[in-house]
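Note that this is a predicted model, so its numbers are computed, not measured. In what follows, chains carry the letters A, B, and so on, assigned in the order in which the sequence lines appear, proteins first and then strands, with residues in each chain numbered from 1.
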Amino acid sequence: MYKIKKLVPLFVVIFVSVYYIMTSGFIYEVTKNDEVNKVDVPFSVAFSNDRIGFVGIYNDDDIACAEWLTYKSDLNLPILVDYLSVSAIIEIDGYNRITYVKPEAKHYLFLNTWNIENNKWVNGWVEASRQYSDLPDLTNYAEVFKSGKAVVYIEN
Amino acid sequence: MLKSILFIVSLTIFTAIGSVFQLWLVPYVMVVSVVIVSILVALNKINIKYYPIYLYSLALSLLWQTSMLGTHIVGVDIHSEYYVVMTTLKNGWNLDWINVGNTSIVLTAIAPFLDRLGFDTIWQFKILYPMVCAFTPIILYFAFRKMFGSKYAFISAIFFMTMPMFIMETAGIIKTQCAFICLAGIVYFFTSDIKVWKKTLFITLLAFGTIMFHYTIGIITLFILCGIVIIASITNFWKFKNWIGLRVYPLKYLVIVPVFVIGFMVGWFSTIGDGGILKVSVDIFKAIGLNLGIIDKPLVTAPDLVVSENTVESDIKTQTYKPEIKPNYLSKQSSLVTTAIGLDFNKVSNWGKVFRVLQYLTQLMTIIGLIVVWKRRLEYKIKAEYFAGILVCFLLLLCGIFVPNFTLVTATTTRMYMVALFFISPLMIIGVDWTFKRCIR
């Protein structure tokens with residue numbers, strides 16, 4: 001009984017460890033869960049962001065597009081972005097020209113590397129969940145700037 | 001000593017470099033490291049005097065496994081914060097600029113100053129502030145150690161730092177990283193035995209720090225301090241004096257703290273940003289009151305903010321993503337709250353159910369721990385103010401569950417829970433300990 005009592009801290013650690021393994025995103029990743037529009041199993045950026053695009057992990061090409069939009073584009077035109085791309089622009093230019101809803105007037109469209117590689121548009125964002133849709137229809141858009149896979153379009 | 005140093009250096013360097021190159025192995029190594037170190041501590045294989053070193057390396061590595069991903073900054077609020085720093089570098093600190101980030105001296109003074117000295121802001125955000133924030137669990141370890149012993153203090157700190165809110169959310173908000181150090185210090189001094197005047201001074205200055213670093217954490221800290229004073233006052237008579245723990249902090253000194261903090265907060269937020277945060281704070285209380293009064297009717301949120309260069313991302317989120325209409329009162333709460341109280345159990349996968357069972361168990365263990373710690377408050381030498389802080393944090397969590405839209409108009413569910421864990425994380429550990437001991441009897 002004394003020996004078992006000495007192991008109680010070990011039981012406590014095992015309990016905490018099991019909980020941590022679940023909340024770390026490990027289970028979400030190894031089971032290849034892709035549920036993100038509600039909290040199913042906890043996911044993590046470190047394990048799964050390349051699949052789920054929870055936050056933007058931008059490369060130089062994404063930043064190049066954001067800088068082009070800020071400094072070289074027509075500053076009178078709004079920029080249509082999803083919740084993943086927006087952060088690349090707001091850190092340079094704030095929310096000045098950002099829109100999440102397709103404007104009636106002429107506008108730019110920014111697709112970052114993750115959008116292109118995963119063919120997804122993050123159109124909803126609340127606490128620990130995201131919502132995806134297909135990329136916008138590019139029929140009436142022309143490419144105006146590209147860096148790597150990240151691309152900026154303008155509506156024709 | 002050498003083994004400890006080798007561990008901290010190799011783990012943190014591996015995490016930093018591996019994350020920059022987005023090496024898939026990094027998070028797996030972190031999970032294994034946390035579990036193995038915790039088990040070694042439980043089996044007395046690590047010398048107690050090295051606990052802080054191990055805690056720091058694990059905390060820093062957990063933060064870096066998110067913040068160091070790629071070569072650019074990672075997170076949600078962090079991009080708005082970067083914009084504030086760049087704007088300040090270009091135009092100086094404009095006190096009239098209505099932007100919540102503009103009220104944080106990290107973004108308007110410290111980061112721009114270091115940038116001018118040659119430390120690029122991007123790498124400050126990725127490397128430096130997580131290094132500061134990683135001291136938070138260490139400070140909490142020293143606070144909890146006095147009451148629960150080194151081993152359980154260590155495990156409590158591990159429980160705290162392995163929360164997704166710490167690893168992911170905090171890693172992506174610089175203001176929070178700095179404010180958390182101050183809040184941890186407040187918890188430490190409430191549990192300490194230093195002279196009363198020093199305790200009052202340090203707690204007050206640290207509370208000022210939470211306000212200067214992050215308005216949300218500052219306001220929540222003030223709420224907690226006021227709650228502590230109220231509970232300490234109510235129980236300061238006759239045989240109730242030891243109801244919530246040892247009385248070593250005279251009430252007349254304790255009252256000084258929130259008084260000074262309120263004065264500082266009003267002064268700070270009036271001077272910077274044209275009082276915008278004060279106005280929103282008043283509107284938030286009005287919104288909470290209205291929501292309480294009309295539980296079954298459409299909910300009222302904080303007033304809409306015009307989307308402009310001054311609007312922060314979190315405000316846009318609540319405006320453009322409308323949750324579906326749900327039939328009953330509690331199911332209208334945020335998704336994380338409905339998860340915590342079991343309303344979505346049948347809607348998730350089998351692994352989701354496993355997670356929820358574990359989550360309910362941690363919640364149950366925390367409540368058991370609360371009762372055990374209260375019953376043994378004199379044995380654990382619990383300070384009355386610290387226990388009062390625990391009760392206030394429970395009140396915050398209950399508000400998050402039962403007050404309509406509470407976490408939408410105040411702070412997010414994750415932030416509320418993270419702040420509560422500063423006080424209540426040992427309770428879960430004590431609850432598990434008590435339960436296991438009961439089972440093996």
Looking at every heavy atom in both [X] and [Y], which two are closest together, and how far apart are they?
X: B:Tyr83; Y: A:Asp93; answer: CE1-C, 3.6 Å
X: B:Ser349; Y: A:Asn33; answer: OG-ND2, 4.3 Å
X: A:Val45; Y: B:Met168; answer: N-SD, 3.2 Å

So which part of A:Glu35 gets closer than 4.5 Å to some heavy atom of chain B, the side chain, the backbone, both or neither?
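It is neither, since no heavy atom gets under 4.5 Å.
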
Could you label the plane-to-plane angle of the A:Phe47 and B:Tyr28 rings as parallel, tilted or perpendicular, counting under 30° as parallel and over 60° as perpendicular?
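Plane angle over 60°, so perpendicular.
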
Please look at [X] and chain A and tell me whether the side chain, the backbone, both or neither of the residue comes under 4.5 angstrom of a heavy atom of that chain.
X: B:Leu43; result: side chain
X: B:Thr362; result: both
X: B:Gln22; result: side chain
X: B:Asn44; result: neither
X: B:Ile78; result: neither
X: B:Thr413; result: both
X: B:Val31; result: both

Got a second to check how far [X]'s [atom1] is from [Y]'s [atom2], nearest 0.5 Å?
X: A:Lys38; Y: B:Thr338; atom1: NZ; atom2: OG1; answer: 11.0 Å
X: A:Phe54; Y: B:Thr66; atom1: CZ; atom2: OG1; answer: 11.0 Å
X: A:Ile90; Y: B:Tyr82; atom1: CD1; atom2: OH; answer: 13.0 Å

Top contributor to chain B interface from [options] [non-hydrogen pairs under 4.5 Å]:
options: A:Ser24, A:Ser17, A:Ala46; answer: A:Ala46
options: A:Leu10, A:Val41, A:Val39; answer: A:Val39
options: A:Val55, A:Val13, A:Asp40; answer: A:Asp40

